[in-house]
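First up is the structure itself, then whatever we jot down about it.
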Amino acid sequence: SLAGQMSETMRKLQGSDKLTEKNVESSVKEVRRALLDADVNLKVVNSLIKDVKARALGEKVLEGVKPGQQFIKIIYDELARIMGSEATPLARKDASAESPTVILLAGLQGAGKTTAAAKLALYCKSEAKPRRVLLCACDVYRPAAIEQLKTLGASIDTEVFAMGTDVEPERIAREAISYAKKNKFDTVIVDTAGRQVIDTKLMAELKRVKNSVTPDEILLVVDAMTGQEAANLTRAFNDAVGITGAILTKLDGDTRGGAALSVKQVSGRPIKFVGVGEKVEKLEPFYPERMASRILG
Amino acid sequence: SSLSKEDLEPVLQQFKTTLIGKNVAQNIAEKIVQSVGASVEGKRLESMKSVKSAVREALHDALTRLLTPKQSTEVLADIEKVNAIERRPFVIVVCGVNGVGKSTSLAKTCFYLQKHGKKVLIAACDTFRAGAVEQLKTHAACLNVELYHQGYGKDAATVAKEAVRRGTEIGVDVVLVDTAGRMQHNEPLMRALAKLVSVNQPDRIFFVGEALVGNDAVDQLSSFNKALMDFQKVPNPRLIDGIILTKFDTIDDKVGAAVSMVYTTGQPIVFVGVGQTYYDLRKVSTSVLVNALLR
Ligand SMILES: Nc1nc2c(ncn2[C@@H]2O[C@H](COP(=O)(O)OP(=O)(O)OP(=O)(O)O)[C@@H](O)[C@H]2O)c(=O)[nH]1
Ligand SMILES: Nc1nc2c(ncn2[C@@H]2O[C@H](COP(=O)(O)OP(=O)(O)OP(=O)(O)O)[C@@H](O)[C@H]2O)c(=O)[nH]1
Ligand SMILES: [Mg+2]
Ligand SMILES: [Mg+2]
């Protein structure tokens with residue numbers, strides 16, 4: 001129809017029949033602002049926008065959609081894709097395995113590792129085929145860390161293997177595995193002391209713990225409200241010990257959790273769980289699409 | 001020539017990005033940069049000076065003014081005044097979200113006060129988290145100081161009140177009150193904190209925030225103050241008096257949280273935590289902060 005041809009010509013004249021630098025400019029600004037507000041690392045934001053523009057510009061604008069809206073949808077899809085297409089399960093060796101599945105938790109001070117250890121234990125015990133879980137107290141530095149884990153373990157009727165604070169963590173972990181084998185535990189969750197990557201002694205210790213028990217899972221525990229440093233700390237832990245996944249904690253707060261994107265983007269490893277409260281049942285599997293919309297706000 | 005909006009815009013944008021990269025909250029970086037832009041617009045550019053260095057200088061001054069405390073952050077003089085004139089212990093409450101370093105900072109503050117000859121009592125008013133009381137028991141034993149606690153489950157405001165009573169009885173100079181971590185929008189927990197403050201009328205309320213926090217710093221501080229304002233049923237509710245910024249040793253040079261927190265509350269950074277031992281509590285150096293932000 002003539003009216004249709006007119007509006008088609010108008011669209012071509014306005015340049016709105018393909019995505020162009022100009023017609024997505026204000027959406028780019030909006031997205032950039034939203035991602036930075038969500039604490040996504042500045043470098044990660046810049047490279048994400050650059051990649052998406054490289055692919056999206058020149059694309060045909062969909063019927064009934066404004067170019068800016070389409071660009072935002074492309075960003076959202078890309079975020080969800082980066083986050084992972086679906087929830088990734090926790091490592092679990094076959095029932096016939098000779099030794100238990102070992103899950104090692106690591107991360108910065110106060111991120112929520114000890115709480116996450118207990119939460120994971122409860123999660124494992126509540127699976128369709130319940131696991132027999134042993135918790136292992138390898139934080140020999142923090143005052144009353146062992147007591148904290150023991151109290152949490154008692155609250156979920158789960159045994160905690162500890163050897164006090166005068167034994168090296170790598171030996172505690174090794175003996176926990178032998179204890180687990182003897183007593184038919186199929187999963188051992190190892191809590192460790194908070195540490196920074198620049199602390200060479202503590203990073204060497206973490207490597208020794210890793211080497212002494214060859215974990216099936218090394219999960220980086222990250223506080224969801226971490227700001228720009230999230231990307232660096234992830235890269236550093238990953239370079240030092242190689243993580244297999246992450247747990248993002250304290251998502252019951254209002255923070256948008258852009259650290260999740262930095263963690264995934266930098267390590268290539270999936271976020272497996274999120275902590276959504278202080279209580280031991282407050283652990284949920286990670287849903288990539290939910291996180292993508294939370295980050296975009 | 002004088003500085004025009006057009007000259008300034010790209011330079012201001014660049015500095016805004018620098019500040020965001022240093023972990024200053026986005027809105028705050030924006031406000032600071034805008035106000036610096038307004039302060040230099042129309043000014044004459046000195047010969048041999050670039051627009052960038054003129055803006056950098058103005059930004060350096062603005063940040064220095066923001067981060068320099070308006071009055072002394074030295075708490076010792078105030079403690080002595082209260083002890084001498086009101087003949088009672090000086091009461092300090094620490095508060096903040098989960099895992100930021102409240103209990104550790106409290107222990108470090110105890111060590112600092114003891115080094116200056118003060119007699120201290122620690123009050124275990126985190127009556128909820130697993131191992132919280134044992135954590136303080138360990139510190140109290142190391143510091144050779146009394147710990148007042150009633151274990152777990154008791155109302156924190158009441159435990160604090162009885163701790164201050166005990167502190168008065170035994171004639172301590174300072175009572176340090178530890179509280180449980182809480183998310184700023186958890187209403188029941190924020191009401192409980194407001195109650196502890198209004199019942200006990202502490203001399204200082206120190207918000208403990210970690211240097212790692214991103215944009216949430218702004219919401220944490222404004223929400224804690226709002227809750228203290230709204231939930232205390234008194235005419236002059238006590239609000240946050242100062243900030244303890246922890247984990248300063250874990251952020252490399254991304255010191256921006258200091259700016260976000262001070263800008264949001266107008267209150268100073270009283271101490272910086274630079275590690276996990278009792279010696280790791282410092283006074284903040286404004287010039288060190290500003291230089292880290294602008295390099
Ligand atoms: N609201 C909330 N609090 C949490 C969550 N996970 C942990 N916490 C709290 O965060 C604080 C720190 O948790 P911990 O488990 O002690 O942290 P950690 O990593 O073991 O600390 P270090 O051993 O000192 O490095 C505690 O108050 C926990 O109750 C969560 O998902 N939501
Ligand atoms: N590197 C470093 N670690 C710190 C600093 N301050 C505290 N920590 C560590 O952070 C972790 C948490 O400290 P806590 O004092 O238990 O924190 P909290 O705020 O009392 O935690 P909750 O009571 O569970 O909310 C511990 O491992 C501390 O040793 C600091 O300045 N630097
Ligand atoms: Mg721990
Ligand atoms: Mg505490």
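Below, chains carry the letters A, B, ... as their sequence lines are ordered, and counting in each starts from 1.
Residue contact with chain B, scored on non-hydrogen atoms closer than 4.5 Å, is absent for A:Leu149. Heavy atoms of B:Asp219 lying under 4.5 Å from chain A belong exclusively to its side chain. Within the 4.5 angstrom heavy-atom criterion, atoms from both the backbone and the side chain of B:Thr17 approach chain A. When heavy atoms are compared at a cutoff of 4.5 Å, A:Asn232 approaches chain B solely by way of its side chain, counted from C-beta outward. Only the side chain of B:Val97 has a heavy atom closer than 4.5 Å to any heavy atom of chain A.
There is a side-chain donor-acceptor pair under 3.5 Å between B:Asp249 and A:Gln196. In this model, a donor atom of one side chain and an acceptor atom of the other lie less than 3.5 Å apart for A:Glu278 and B:Asn98.
Interface remark: of the candidates A:Asp37, A:Thr255, A:Thr151, A:Asp37 forms the most heavy-atom pairs closer than 4.5 Å to chain B. With respect to chain A, the highest number of heavy-atom pairs below 4.5 Å among B:Glu210, B:Gln184, B:Arg129, B:Gln220 belongs to B:Arg129. For the set A:Gly227, A:Ala230, A:Ala224, the entry with the most heavy-atom pairs within less than 4.5 Å of chain B is A:Gly227.
When every heavy atom of A:Gln109 is checked against every heavy atom of B:Lys247, the shortest pair comes out as O-NZ, 2.9 Å. Shortest non-hydrogen contact noted between B:Gly21 and A:Leu42 is CA-CD2, 3.9 Å. In terms of heavy atoms, B:Gly131 sits closest to A:Ala144 at O-CB, 4.1 Å. Listed here is the closest heavy atom pair of A:Glu229 and B:Ile251: OE1-O, 3.7 Å.
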Side chain to side chain contact (heavy atoms under 4.5 Å, CB included) between B:Leu212 and A:Leu108, intermediate numbers included: CA-CA 10 Å; B:Leu212 285 155; A:Leu108 289 187; 3.6 Å; yes
B:Gln276 and A:Arg142: CA distance, side-chain angles, deciding distance, side chain to side chain contact (heavy atoms under 4.5 Å, CB included) verdict: CA-CA 9 Å; B:Gln276 297 176 262; A:Arg142 170 172 157 151; 5.9 Å; no
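Taking CD1 of A:Ile198 as the start and OG1 of B:Thr250 as the end, the distance is 8.0 Å to the nearest 0.5 Å. Here the CG atom belonging to B:Asn215 is positioned 13.0 Å from the CG atom belonging to A:Asp254, to the nearest 0.5 angstrom.
Other residues, nucleotides and ligands place more than 12 heavy atoms under 6.0 Å from the NZ atom of A:Lys125. Other residues, nucleotides and ligands contribute only 12 or fewer heavy atoms inside 6.0 Å of the OH atom of B:Tyr279.
For the side chain to side chain contact (heavy atoms under 4.5 Å, CB included) criterion with B:Gln26, the lone passing option out of A:Asp39, A:Leu36, A:Leu35 is A:Leu36.
Taking 4.5 Å as the heavy-atom cut-off, the residues of residues 133-143 of chain B that approach chain A are B:Glu134, B:Gln135, B:Thr138, B:His139, ordered by number.
Annotation: side-chain contact (heavy atoms from CB on, under 4.5 Å) contacts of A:Arg208 (sequence neighbours excluded): A:Glu170, A:Ala204, A:Glu205.
In this structure, B:Glu30 pairs ionically with A:Arg33, as a charged nitrogen and a carboxylate oxygen lie closer than 4.0 Å.
A:Thr226 places none of its side-chain heavy atoms less than 4.5 Å from the side chain of B:Val213.
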